[in-house]
> 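Have a look at the structure that comes next, please.
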Amino acid sequence: MSVAATPPQATARPGRLGASVRQAYDLAIAGALGALFGLYLYVETVDARSVYVRDAWAGAIIGGAIGSFLNAWGPLRDGSWRRAALATARAAPASAIGGAAGLVLGELVIGYFQGGLIGRAASWAVLGLGIGLGQGIADRSLQRLAYGLIGGGLGGFVGGLCFEALRVALGNRIGLGQSLGIVILGAGLGLFLALVEQALRRAWVQVAGGRQEGRIYLLARPACRLGLDERADVGIFGDSAVERSHAEIVRRGDAYVLRDLSRSGATRVNGRAAPGETRLADGDRIELGKTPMIFRRR
């Protein structure tokens with residue numbers, strides 16, 4: 001096993017803050033658009049008299065839409081439509097089930113509080129927990145599951161507060177207040193999911209050049225594959241020198257190791273060829289083909 005040299009300080013932090021802000025902004029927009037789309041589908045397709053049946057459908061449709069938009073954001077930004085379709089296929093059912101359960105349970109919560117600002121916020125926090133749970137299940141990662149629950153709960157709580165405040169401010173105009181509240185719920189879920197991940201993540205890579213410059217990939221599994229394959233944990237697109245399964249980053253105890261899987265050997269760490277396995281340190285510069293990225297860890 002080779003040990004990578006200490007990287008130059010000039011390349012250790014390529015726009016890290018800007019990339020984190022961009023990620024939070026994009027996920028907030030994706031969540032808001034997903035919520036708006038889900039609300040439109042619900043209004044146009046559901047006509048049920050039972051409160052619980054109506055809530056179950058609303059939670060399923062809105063939760064599934066929010067989950068789909070949040071999971072499809074990254075692949076669409078990468079320009080990988082197939083990866084976006086795969087992410088949506090995983091996220092939609094899990095988020096729909098979580099949303100349905102969350103909204104039905106939320107009705108019980110708001111009944112317990114007998115309405116009011118805190119009751120509404122607590123009710124929507126339960127909805128957010130359900131959608132966040134679906135996100136974690138879709139990603140098949142315990143880290144993502146924890147981040148989803150925390151971020152979903154916080155986003156739902158804020159969305160519920162805003163909904164109830166808007167409803168009162170607008171003179172109990174349920175339709176307009178509900179629409180704005182749902183959009184804020186989706187934006188809050190996306191924003192808090194991003195912020196929680198950024199605050200609690202332990203290891204990640206940030207693309208430092210090429211078509212995906214600034215893109216951040218969380219290393220949330222014991223072994224994360226890097227390459228052109230749409231099913232790779234770190235998908236690198238737009239570089240003809242990158243192979244489908246080019247490399248993988250493996251967590252071993254408290255250490256992270258880069259394993260070169262490429263046939264061409266076009267894998268470098270801090271400017272040096274990295275055949276076999278290379279132990280990574282925070283700030284190391286990894287190059288797959290012509291695409292550079294920075295390994296970060298806490």
> Kindly compute the distance separating CG (L189) from CG (L193), expressed to the nearest 0.5 Å.
6.0 Å
> If Ile, Leu, Val, Met, Phe, Trp and Tyr residues are connected whenever their side-chain heavy atoms lie under 4.5 Å apart, and connections chain through other members, are W124 and I150 in the same group?
no
> For L108, is the CG atom crowded, meaning more than 12 foreign heavy atoms sit under 6.0 Å from it?
yes
> As a test of understanding, state which of V250, N270, I286 forms a side chain to side chain contact (heavy atoms under 4.5 Å, CB included) with L280.
I286
> So, the side chain of D239 versus the backbone of K290: is there a donor-acceptor pair under 3.5 Å, distance only?
yes
> For E243 and G227, indicate whether the former's side chain and the latter's backbone hold a donor-acceptor pair under 3.5 Å.
no
> So, R298 side chain and R201 main chain: donor-acceptor pair closer than 3.5 Å or not?
yes
> Take R297 and D254 through the test salt bridge (Lys or Arg N to Asp or Glu O under 4.0 Å) and record every step on the way to the result.
CA-CA 10 Å; R297 66 165 298 177; D254 192 45; 3.1 Å; yes
> Would you check if the side chain of Q198 reaches a backbone N or O of S20 as a donor-acceptor pair within less than 3.5 Å?
yes
> Would you call F295 and L219 a side-chain contact if the rule is heavy atoms closer than 4.5 Å?
yes
> Is there a donor in the side chain of Y147 and an acceptor in the side chain of Q143, or the other way round, less than 3.5 Å apart?
yes
> To the nearest 0.5 Å, how far apart are CD1 in I61 and OG in S95?
14.0 Å
> Could you tell me which non-hydrogen atom of I294 sits nearest to which non-hydrogen atom of A208, and how far apart they are?
CG1-CB, 4.2 Å
> On a heavy-atom basis, which atom in G119 and which in F113 lie closest, and how many Å separate them?
CA-CB, 3.5 Å
> Determine whether a donor-acceptor pair (N or O, by modelled atom type, separation under 3.5 Å) exists between the side chain of T88 and the backbone of A84.
yes
> Please round to the nearest 0.5 Å and tell me the distance separating atom CG of L258 and atom CG of L288.
7.0 Å
> Determine the minimum heavy-atom distance between V207 and G209, stating which atoms define it.
CG1-O, 3.2 Å
> Does the D260 side chain pair with the main chain of T267, one donor and one acceptor, at a distance under 3.5 Å?
no
> Is there a path of hydrophobic side-chain contacts, each under 4.5 Å between heavy atoms, that joins Y25 and L195?
no
> What's the separation between atom CZ in R83 and atom CG in L76, rounded to the nearest 0.5 Å?
11.0 Å
> Do you know which two heavy atoms are closest between G64 and S68, and how far apart they sit?
O-OG, 2.8 Å
> Indicate if I131 and V109 have the same hydrophobic cluster label, given that clusters are the connected sets of ILVMFWY residues with side-chain heavy-atom separations under 4.5 angstrom.
no
> I'd like to know if E230 and R244 make a salt bridge, using a cut-off of under 4.0 Å between side-chain N and carboxylate O.
yes
> Taking I182 as the fixed residue, which of L36, L39, I66 is the one that meets the side chain to side chain contact (heavy atoms under 4.5 Å, CB included) rule?
L39
> At their closest point, which heavy atom of F37 faces which heavy atom of A65, and how far apart are they?
CD2-CB, 4.2 Å
> Could you go through M293 and L226, starting from their C-alpha distance and side-chain angles, then the distance that decides it, and tell me whether this counts as side chain to side chain contact (heavy atoms under 4.5 Å, CB included)?
CA-CA 11 Å; M293 61 186 69; L226 298 77; 3.8 Å; yes
> Can you name the closest pair of heavy atoms from G106 and S123 and give their distance?
O-OG, 2.9 Å
> Could you measure the distance from the CD1 atom of I249 to the CZ atom of R259? Nearest 0.5 Å is fine.
12.0 Å
> Evaluate E197 against L218 for side chain to side chain contact (heavy atoms under 4.5 Å, CB included), listing each step before the verdict.
CA-CA 8 Å; E197 177 183 307; L218 180 68; 3.9 Å; yes
> Is there a side-chain contact between R285 and R268 (heavy atoms, below 4.5 Å)?
no
> Checking I110 against R120 for the side chain to side chain contact (heavy atoms under 4.5 Å, CB included) test, could you report, in this order, the C-alpha distance in whole Å, the side-chain angles of both residues, the deciding distance, and whether it holds?
CA-CA 6 Å; I110 197 171; R120 181 71 65 181; 3.5 Å; yes
> Would you say the side-chain atoms of Y217 pair up with the backbone N or O of D233, donor to acceptor, closer than 3.5 Å?
no
> Check for me, please, whether L154 and L127 land in the same ILVMFWY cluster - side-chain distances under 4.5 Å, paths through other members count.
no
> Answer yes or no: are there more than 12 heavy-atom neighbours, outside R211 itself, under 6.0 Å from its atom CZ?
yes
> Is it true that E248 and R225 make a salt bridge, defined as a side-chain N closer than 4.0 Å to a carboxylate O?
no
> If hydrophobic clusters are built from ILVMFWY residues whose side chains come within less than 4.5 Å, do L105 and L129 share one?
no
> Is it the case that R215 places NZ or CZ above or below the six-membered ring of W73, under 6.0 angstrom from the centre and within 45 degrees of the axis?
yes
> Got a second to check how far R263's CZ is from H246's NE2, nearest 0.5 Å?
11.0 Å
> Please examine the side chains of L133 and L145, heavy atoms only from C-beta on, and report whether any two atoms are closer than 4.5 Å.
yes
